[in-house]
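One structure is given below, encoded as structure tokens.
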Amino acid sequence: MRGMRQCGAVVVVLALWGAVAQAAAVTPLAGTYSNVCQHADSGDLLGTTLFFPGAADPGHVQRQRYEGAALAPERLALTARGAAWYVLGDDGAAVMVLRREGAALRVTYLDGQQADIGGDSETLVASARRPAAGSVPVCR
């Protein structure tokens, strides 16, 4: 009986240690990250903004895409895997992988979306949730 208690205690300790290690592997995301810019000739807004509401709506991100103008915002689920966050579409499939790079966020698209310079990944920088008029950089 005593051996079973010790074995049970070891299992509980290992389970807790694993949960702590998983929580430490990925830092919670909060705030707003964006690469939105304004086309010099047309004035169109282009890019993506990700807003992480944190404790107000844990486990979710709001994605706002700009393709000439703002498209409808999307509320998407988040899940941590290792040192990355995965953004899930309505069907539960991963559509983006997010990794911190210093104060920025590296986004890799898994759903075929193209990055601003081609390819499947780009960097979003910390920004204001709703940029003031004239504060959006000109696209390069």
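Source: prediction; values computed, not measured. Below, each value reflects all heavy atoms present in this structure, side chains not excepted, and no hydrogens, waters or symmetry copies.
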(request) Using the rule that two of Ile, Leu, Val, Met, Phe, Trp, Tyr join whenever any of their side-chain heavy atoms come within less than 4.5 Å, decide whether L76 and V107 are in one cluster. (result) yes
(request) Mind checking salt bridge (charged side-chain N to carboxylate O under 4.0 Å, His left out) for D120 and listing every partner two or more places apart, or none if nothing turns up? (result) none
List the atom pairs, with distances to 0.1 Å, where a side-chain N or O of residues 91-103 and a protein N or O form a donor-acceptor pair under 3.5 Å, not counting sequence neighbours.
unit_1	atom_1	unit_2	atom_2	d
D91	OD1	A93	N	2.9
R100	NH1	Y33	OH	3.2
R100	NH2	P28	O	2.9

(message) Tell me which pairs pass disulfide (SG to SG under 2.5 Å) where either residue lies in residues 40-80, with sequence neighbours left out.
(response) none
(request) Scan for disulfide (SG to SG under 2.5 Å) pairs involving residues 93-123, sequence neighbours excluded, and state none if there are none. (result) none
(request) Consider only side-chain heavy atoms of I, L, V, M, F, W and Y, link residues closer than 4.5 Å, and tell whether L124 and L78 are in one cluster. (result) yes
(message) Enumerate the side chain to side chain donor-acceptor pair (under 3.5 Å) contacts for residues 46-56, please, sequence neighbours excluded, ordered by first and then second residue.
(response) S34-T49
(message) On a heavy-atom basis, which atom in F51 and which in P53 lie closest, and how many Å separate them?
(response) O-CD, 3.4 Å
(request) With the side chain counted from C-beta on, respond yes when V61 and L29 share a heavy-atom pair under 4.5 Å apart, and no when they do not. (result) no
(message) Working to the nearest 0.5 angstrom, can you tell me the gap between E122 CD and L105 CG?
(response) 10.5 Å
(message) Taking side chain to side chain donor-acceptor pair (under 3.5 Å) as the cut-off, I'd like each qualifying pair that reaches into residues 67-80, sequence neighbours left out, listed once.
(response) D57-R75, H60-R75, R63-E74
(message) Are V87 and L50 packed together at the side-chain level, in the sense that at least one heavy-atom pair is separated by less than 4.5 angstrom?
(response) no
(request) Apply side chain to side chain donor-acceptor pair (under 3.5 Å) to T123 and list each qualifying residue two or more places apart in sequence or on a separate chain. (result) R106
(request) For A70 and Q64, work out which heavy atoms get closest and say how close. (result) CB-NE2, 3.5 Å
(message) Please list all pairs meeting disulfide (SG to SG under 2.5 Å) that have one or both residues in residues 92-124, counting only residues at least two apart or in different chains.
(response) none
Could you give the side-chain donor-acceptor pairs of residues 36-45 under 3.5 Å, partners two or more places apart or in another chain?
unit_1	atom_1	unit_2	atom_2	d
Q38	NE2	G43	O	3.1
H39	ND1	D41	N	3.2
H39	ND1	S42	N	3.1
H39	ND1	S42	OG	3.3
S42	OG	D44	N	3.2
S42	OG	D44	OD2	3.3

